[in-house]
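So the structure is just underneath, and the comments pick up after that.
Reminder, nothing fancy here: chain letters follow the sequence lines and each chain counts from 1.
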Amino acid sequence: MPELPEVETTCQGIAPHLVGNSITTVEIRNGNLRWPVSDEVYQLKNIALGKSLPPAAGNRAEPDTCVFRRAKYIIIPLPKSQHLLIHLGMSGSLRITAQEEELKKHDHVIFNLSSGLQMRYHDPRRFGSVLWTDQDLEDHRLLAKLGPEPLQDGFSTEYFIAKSKEKTKAIKLHIMDNHTVVGVGNIYACEALFLSGISPKLAAEKVSRPRLAKLHKNIRTVLQRSIDQGGTTLKDFIQSDGQPGYFKQQLNVYGREGEPCLTCESKIKRIVLGQRSTFYCPKCQK
DNA sequence: AAAACTACCTGAGTGC
DNA sequence: TGCACTCAGGTAGTTT
């Protein structure tokens with residue numbers, strides 16, 4: 001289940017195979033993803049890709065970059081201000097393979113590359129998307145209303161505190177809301193709240209300023225650490241070169257219902273917030 | 001306006 | 001062994 005670090009890892013993994021190459025043809029085996037694969041994707045032929053690699057933190061558009069990331073969208077610039085927007089949803093992955101490698105059941109979109117290799121979009125649950133647009137990205141319906149990137153300056157302590165103080169909903173739902181900040185999925189939300197000693201169900205506006213500042217710092221820490229480690233893998237994330245991305249970092253609470261808290265040995269509790277499992281230590285998190 | 005809830009999907013796991 | 005069932009989760013879109 002790709003979280004932001006997995007998306008970042010994917011961008012870094014596919015970039016060397018895209019840079020300076022072109023998409024010769026696209027083969028769509030199942031275009032029925034979250035949204036139908038854009039008609040324009042079917043027509044792509046001999047399309048040049050960017051000539052420079054993305055910066056280490058790939059969530060910035062540099063001139064002629066072959067791929068970058070915004071939130072969990074993988075964005076591949078094409079000529080004439082066109083872009084591919086690829087989202088991995090819950091179970092998606094992009095892999096670089098040889099043409100002759102046997103297709104898997106859920107390889108839905110095949111990009112043939114001028115290098116002779118292929119980039120394959122694989123997604124068992126089909127929650128992801130492969131879209132084409134010629135709109136300015138900042139106007140695109142899926143990107144226009146996104147909050148700041150968690151690891152960039154726009155996500156400042158002051159911004160986060162001000163935004164939180166006007167919200168009545170549970171703090172966990174607040175930090176998972178893309179309008180607040182992008183890229184904080186269920187796992188990292190649980191972990192950041194644990195590190196901050198904040199109960200996930202506490203109303204955002206009720207969290208004190210110092211504790212919000214601490215949470216802000218921990219959101220960044222947890223994401224950055226995971227990116228550094230190449231992405232947490234729980235189930236089906238495959239790195240783009242095909243190696244399973246097993247970098248499971250130490251998770252303090254996620255998936256540990258009934259097990260002892262690593263700090264105080266109380267039993268980790270599981271509740272449901274916003275229809276999602278939420279794990280926390282009832283003693284350490286108030 | 002904001003919060004709460006739904007739909008989308010398949011594979012893994014459980015219980016009978 | 002097989003069938004029925006539940007659960008997992010990102011997030012746009014809908015309802016309250």
Side-chain angles (χ1 to χ4, degrees), chain A residues 1-10 29-38 59 69-75 85-94 104-109 121-131 133 135 137 139-150 162-193 200-207 219 223 226 231-238 244 248 251 253-258 270-279:
Chain A
M1 46 199 78
E3 292 251 10
L4 184 131
E6 283 84 347
V7 178
E8 181 77 33
T9 305
T10 296
R29 303 175 70 228
N30 186 349
N32 191 19
L33 305 182
R34 172 161 196 188
W35 292 289
V37 173
S38 302
N59 51 349
R69 174 184 73 67
R70 172 73 173 108
K72 292 178 185 170
Y73 290 92
I74 294 166
I75 302 179
L85 299 188
I86 300 179
H87 199 291
L88 301 178
M90 284 300 311
S91 58
S93 62
L94 282 172
K104 296 188 175 178
K105 181 177 176 186
H106 299 291
D107 283 340
H108 301 314
V109 184
Y121 177 83
H122 180 267
D123 187 1
R125 289 176 224 176
R126 308 208 310 274
F127 273 22
S129 50
V130 177
L131 299 174
T133 184
Q135 270 188 296
L137 293 182
D139 296 332
H140 193 276
R141 66 183 178 96
L142 297 176
L143 305 177
K145 291 180 179 172
L146 294 174
E149 288 288 330
K163 193 90 176 170
S164 304
K165 282 297 180 188
E166 60 191 33
K167 299 292 173 183
T168 58
K169 64 170 137 180
I171 185 70
K172 184 200 178 211
L173 300 180
H174 176 57
I175 64 176
M176 290 181 70
D177 185 337
N178 274 344
H179 300 99
T180 308
V181 59
V182 301
V184 182
N186 201 28
I187 298 173
Y188 296 116
C190 289
E191 294 298 314
L193 286 164
K201 47 189 179 178
L202 189 56
E205 62 180 1
K206 302 284 189 192
V207 184
I219 288 171
L223 288 171
S226 186
T232 304
T233 294
L234 294 185
K235 272 190 189 144
D236 40 15
F237 177 65
I238 306 281
K248 189 167 177 177
L251 297 177
V253 287
Y254 187 83
R256 299 193 62 241
E257 181 183 14
R270 173 184 172 276
I271 58 172
V272 174
L273 274 180
Q275 342 282 83
R276 293 288 176 259
S277 280
T278 302
F279 300 89

**Separation of atom CH2 in A:Trp35 from atom C1' in C:dA12, rounded to whole Å** = 5 Å
**Request:** Check the distance between B:dA2's C1' and A:Asn178's CG and give it to me in whole angstrom.
**Result:** 16 Å
**Request:** Starting at atom CG of A:Leu85, determine the distance to atom C1' of C:dG10, rounded to an integer number of angstrom.
**Result:** 16 Å
**Request:** Would you please name every residue forming a side chain to side chain contact (heavy atoms under 4.5 Å, CB included) with A:Ala203, sequence neighbours left out?
**Result:** A:Glu205, A:Lys206
**Euclidean distance, atom CD of residue A:Glu257 to atom P of C:dA8 [Å, nearest integer]** = 9 Å
**Message:** Could you tell me how far apart A:Lys169 (NZ) and B:dA4 (P) are, to the nearest whole angstrom?
**Reply:** 8 Å
**Request:** Report the distance from atom CG of A:Asp177 to atom C1' of B:dA2, rounded to the nearest whole Å.
**Result:** 10 Å
**Polar side-chain atom of A:Ser129 near backbone of A:Trp35 as donor-acceptor pair, under 3.5 Å** = no
**Message:** Please determine whether a side-chain nitrogen or oxygen atom of A:Tyr73 lies at a distance below 4.0 Å from atom OP1 or OP2 of C:dA12.
**Reply:** yes
**Complete:** Contacts of A:Arg256 meeting salt bridge (Lys or Arg N to Asp or Glu O under 4.0 Å) (sequence neighbours excluded), chain-then-number -> A:Glu259
**Prompt:** Please give, in whole Å, the distance from B:dA3 C1' to A:Ile171 CD1?
**Reply:** 15 Å
**Prompt:** What one-letter contact string describes nucleotides 5-10 of chain B from 5' to 3', where B marks a base within less than 4.0 Å of any protein heavy atom, S marks contact via sugar-phosphate atoms alone, and - marks no contact?
**Reply:** SBBBBB
**Partner residues of A:Tyr73 under the ring-ring contact (aromatic ring centres under 6.0 Å, His included) criterion, sequence neighbours left out** = A:His87
**Request:** Taking only the side-chain heavy atoms of A:Lys72 (C-beta and beyond), determine which of C:dG10, B:dA3, B:dA4 contains the nearest atom.
**Result:** C:dG10
**Request:** Find the distance between CG (A:Leu85) and OG1 (A:Thr133) and round it off to the nearest 0.5 Å.
**Result:** 6.5 Å
**Angle of first-five versus last-five pair axes in the helix from B:dA2-C:dT16 to B:dC16-C:dG2, to 10 degrees** = 50°
**Request:** Keeping the roles fixed (side chain from A:Glu191, backbone from A:Val253), state whether a donor-acceptor pair exists under 3.5 Å.
**Result:** yes
**Request:** For C:dG10, take OP1 and OP2 only and decide whether either is under 4.0 Å from a side-chain N or O of A:His87.
**Result:** no
**Message:** Donor-acceptor pair, distance only, cut-off 3.5 Å: does the side chain of A:Arg70 make one with the backbone of A:Ile75?
**Reply:** no
**Message:** Rounded to whole Å, how long is the line connecting atom CE of A:Met90 with atom P of B:dA12?
**Reply:** 14 Å
Donor-acceptor list for residues 270-279 of chain A side chains, cut-off 3.5 Å, not counting sequence neighbours:
{"from": "A:Arg270", "atom 1": "NE", "to": "A:Ser277", "atom 2": "OG", "distance (Å)": "2.8"}
{"from": "A:Arg270", "atom 1": "NH2", "to": "A:Ser277", "atom 2": "OG", "distance (Å)": "3.0"}
{"from": "A:Thr278", "atom 1": "OG1", "to": "A:Lys172", "atom 2": "NZ", "distance (Å)": "2.8"}
{"from": "A:Thr278", "atom 1": "OG1", "to": "A:Arg276", "atom 2": "O", "distance (Å)": "3.1"}

**Asked** Is the closest side-chain heavy-atom distance between A:Met176 and A:Asn186 below 4.5 Å?
**Response** yes
